[in-house]
Every structure is written in C-alpha cells, then in structure tokens.
Protein chains: 2
Amino acid sequence: MWQPVGQRGNLSDRIVAQVELLLREERLKVGDRLPPEREMAQLLGVSRPSLREAIRALQAQGRLVVKHGQGVFVCEPPSQKDLRAALHRAEVDLHDLFAMREVLEVPAARWAAEKISDDALAELRSTLEELDAAFDEEAPDFERLANLDAAFHLGIARAAGNHFLQQTTNVLHDILLSGMETTLLIPGRREKSRREHLRILAGLTERDPALAARAARAHVRSARRAAFARMAEEQKRAASSLLDEQ
Amino acid sequence: MWQPVGQRGNLSDRIVAQVELLLREERLKVGDRLPPEREMAQLLGVSRPSLREAIRALQAQGRLVVKHGQGVFVCEPPSQKDLRAALHRAEVDLHDLFAMREVLEVPAARWAAEKISDDALAELRSTLEELDAAFDEEAPDFERLANLDAAFHLGIARAAGNHFLQQTTNVLHDILLSGMETTLLIPGRREKSRREHLRILAGLTERDPALAARAARAHVRSARRAAFARMAEEQKRAASSLLDEQ
DNA sequence: GAGTGGTAAGAGGTTAGACCACTAGACTCG
DNA sequence: CGAGTCTAGTGGTCTAACCTCTTACCACTC
C-alpha cells in the first residue's frame, strides 16, 4: 500500500498524488488514520518534512485533517459540509455573490427576452419540469437539484447571446455550487422559487425584456433573502449548541 | 509588513492567515514575488520548514505558485483564472465586451460612490492626472495610455468592494487591452473621454451613486460609439483601397 | 468499587544546519 | 557579435534532535 514514490516532479507533489490515488481507490476510507508521520515517511522512502508538506497540501484541500497528539485522518469530502467555522467568511463573500448574480442575471434575462429562440425556450421549460420532478422523488438528490437550478439560469445567460456574460455566469454558479450555497432545500422555498422561475419564463415567452428583467431581479433578491435567513438561523443554532456544551 | 506571527494555533496556519491578510489588503498583488524562503522565515521569526508548509497550503489553494530557482509568486484567484481560461476558448466580440462593460461598470460606479475612501478617491484623481500628462508627451506611448485608462476603471471596481466584480472587470479590461481596442487615440476622443472621466470622478467625490452610475453609463456608451465609428471608418477605407488596387 | 491524580508512550509541532538542483544573468571566449 | 560557461541566488531535500499535546494506564485515595 505504501510503496516508495516515483521519480518525476516535486517530492511532496508525488506524495500528494499517491495519497490521492489511495483515496480514489478507497484503500483509504473516510475516518481512517494514516500511519504515524515517522513511520509513513520511512514506508514512502522520504523524509518527514517532505511528507509533512504533502500532508499540509492535502489538508488545505480538505482531504485530510490533522489532530495534534492523535494522528492524521481522512476526512469527509468537502461536498458534505459542516464547516461552521467558515460561516463568517462565507457570509462576506455571499453578499458579493448575490450582488453579482443580480448584476449579471437581470441584463441576461432582458437580452434573452429580445432574442431567445423557440428551441431554447422549450429547453428552459423542460429544465424547470425536470427540476419539479426531481423535487417529487422520494429521496431528492441535493446535487441534482442544484445543477438543474443552475442549468436554468445558465440557459438564460446562453440565450442572451453574450459569450462573456455566459462564461462569467458559469464561473459564478460554479462558485455557488462548490460553496453549497443553494437555497432550494429551505422549507417553503421550493414553491416560491418555482413561481419565480415561471415568472421569468413567462417574461421570456412573451418576449418582454422589462418583464423578464423584473422577474429575474425579484428572483435573485428573494434567493438572497432566503440564503441569509437560513444562515442567521444556522448561526443561532450553532451558538446555542455551544452554550449547551458548557 | 512581515511582523512575527501571533500565538494561537499551528504555526504554519498562522503564517497562512497572515499571507491571506496581505493578499486581501492587496499589499501583495498578483505577480508579486515573495521574499526568498530563508529571508522570509527570518522576517516572520519562524523556521524554514514551517514557512514551507504554509507555502504548500497556499499553493494547494491556488493562491501562490512556486518556481524552482526563481521564487514564490502570487497568482490570480482561482475564479479569475477559470474565467480567463473559459474566455480563452470562447470567442468574444466587441459588442459583447462593451455590453459587459456597461453591465459591470455602472453598478461598480454606483457602489463605489457609496463606500469609496478618500485615499482611493485621491488615487483615482492622480491616475487621471497621469493620463492627462501622458497625452501631452511628445511621443505618447499607446500602451501606457491604455493601461492608465484601464487603471482608472479598475480602481472604481476595486472601490466598489465586490471581489467578483473586481476580478471580472480585470479580465474584461485585459481582453480589451490585448485586442488593442481602446478608443483613446481617435481624433477628438481625448477631450471627450477626459470630460466623461471627470464626471464619473465628480459623482464619486459627491458620493452620489445615481450621478456616478449615469456618468459611467454615458462613458461606456460614448466609448462604444467611438470604437464602432472608427471600425466602420477603417472598413470603408479598406474597401476603397481594395477598389483602388483594381 | 468509584473517583482521582500522576505518568509514560506515542502522536504531531518545530527547529537547526547542511547539501542538492534549478534558473537566470553575467561573463568569457571564439 | 554570438555561443558556451560560470556563478550567485533560488527552491528542494534530508537528518536529527527537541517540544507539546493526547491518550491510556495504573496506582492511589476515599
């Protein structure tokens, strides 16, 4: 399992690659403890500082967690979030993200309403239907829901016919997804979001730029309110659980 | 700048935090080289391995890039890199770029007017003075003019306080520069552009968001008109020279 | 028997100093 | 003037030691 690493490239990069391989092959599973640093360094045929650099890099990527006096452990993939500590920093960025959504998606809806094709319109409609169907499944797949929601907005950006706008919207939604900051699973949010989406779609169908733009603005603002409300809720819960522990 | 780090937590984590702070405050800018590891370790009052672990972590996050034999450098935030990579593949035309300038720079001016600091305001003013001086030189350097013009608009995006807006504006102006699509050298354009810049600056100075936003919109539209007028002109000239050759 | 405290083993944390490998630019030679 | 060489400075790696924290165990006390 812990063969000496190969030849090319930075030593610690090679170590990182090897550990990532073991993670992919699930020979290292979540919760496993790695060998002690000294021992692992010997197994890999490297020095301890080099191994530690590799561990640092994997820690920064959220693949490993290091516990002083205990060992190095494989932790959950970052998709399953529990990083309560990062909430504060996330909030700062979230303001920026939603502000940018409004900046980008309102003109996108306006331009799309002027020039969207019937095909693209049909595609948007079917995306919304898929989203609706995905909600009604027994075990709604969070990632699928988030992707379908993003697909709807990206479809509008594409229909707007501005490549720069489209790519920027792409990156923005990537960041939103990776931050798992979607509001879809908030209780009561589903119906609201659904109505808002339909209003945007109506604006596009009517080829009414002003209507589409208004609907897009309303949607982004509503999503933002929901996101911040949930965040405040989570922080309150985190604070009270801290008190309970005392 | 490189004060010894504080007390709590892992040493290399504290170093990471300090470097991140310098990056946020833009005391370290994209492309900057960090001090040599040995020197930097001494400045921070830590050992070289500890510093190297911190550098590894920041490298894994994509904030630093290490070049053997050269040094450690600050690189673009990942989201900006993604956007640039995506746009490299897609072809973007001038219509798209100017449309996006309006989308981005109008809100930028509005937000900047609400929160710009006196320092940032002074910097913008001096950028405009430099731009004016550069015009009056015997042999105006086109690249310098374009960079100063971009610096003014990027300064506004920075003052708007939204990182994503700032990064997107960065990429946008890079593309404009690389396409040599600046309107500054068009006859009669200098004075007009100067007046428009001053109107934006006035809006910021008055802390009047609506005024700043209107001035920014007017400026982008005027620049767009100038660019397309010149382009039409050039095409006409090209066509007539083609006729002449026959 | 339950609770308390000390102790030691083993984990990560940090340091020092040395040497290797790569890069760029200055220098020298043809 | 060009091409090869040299050198200074950079990151890359290693060794070996010591520090600090966590845990488990065990003797001690009540």
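Every chain is numbered from 1, with letters handed out A, B, ... down the list of sequences.
By the side-chain contact (heavy atoms from CB on, under 4.5 Å) test, B/Arg224 is found to be paired with B/Phe98, B/Glu102, B/Arg221, B/Phe228, residues two or more places apart in sequence or in another chain being considered. With sequence neighbours excluded, no residue satisfies salt bridge (charged side-chain N to carboxylate O under 4.0 Å, His left out) with B/Asp119. Scanning for side-chain contact (heavy atoms from CB on, under 4.5 Å) contacts around B/Asp82 gives A/Val171, with sequence neighbours left out. Considering only residues two or more places apart in sequence or on other chains, B/Arg189 meets the side-chain contact (heavy atoms from CB on, under 4.5 Å) condition with B/Thr183, B/Ile186, B/Lys192, B/Ser193, B/Glu196, B/His219, B/Ser222, B/Ala223, B/Ala226. Checked against side-chain contact (heavy atoms from CB on, under 4.5 Å), A/Ala157 has the following partners two or more places apart in sequence or in another chain: A/Thr169.
Think of the region where chain B sits on DNA chain C: with heavy atoms and a 4.0 Å cut, that region ends 5' and 3' at C/dG13 to C/dA24.
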Side chains of residues 41-49 of chain A: which donor-acceptor partners sit under 3.5 Å, not counting sequence neighbours?
unit_1, atom_1, unit_2, atom_2, d
A/Ser47, OG, A/Ser50, OG, 3.2
A/Arg48, NE, A/Glu37, OE1, 3.0
A/Arg48, NH2, A/Glu37, OE1, 3.2

Donor-acceptor contacts under 3.5 Å from residues 71-80 of chain B side chains, at least two apart:
unit_1, atom_1, unit_2, atom_2, d
B/Glu76, OE1, B/Arg84, NE, 3.3
B/Glu76, OE2, B/Gln80, NE2, 3.1
B/Glu76, OE2, B/Arg84, NE, 3.1
B/Glu76, OE2, B/Arg84, NH2, 2.5
B/Ser79, OG, B/Gln167, OE1, 2.6

Listed pairs, N/O of protein and of nucleotides 10-15 of chain D, under 3.5 Å:
unit_1, atom_1, unit_2, atom_2, d
D/dG11, OP2, B/Glu37, N, 2.9
D/dG11, N7, B/Arg38, NH1, 3.1
D/dG11, O6, B/Arg38, NH2, 2.9
D/dG11, N3, B/His68, NE2, 3.4
D/dG12, OP1, A/Asn10, ND2, 3.3
D/dG12, OP2, B/Arg52, NH1, 2.8
D/dG12, OP2, B/Arg52, NH2, 3.4
D/dG12, N7, B/Arg48, NH2, 2.7
D/dG12, O6, B/Arg38, NH2, 3.4
D/dG12, O6, B/Arg48, NH1, 3.2
D/dT13, OP1, A/Leu11, N, 2.5
D/dC14, OP2, A/Ser47, N, 3.2
D/dC14, OP2, A/Ser47, OG, 2.9
D/dC14, OP2, A/Ser50, OG, 2.6

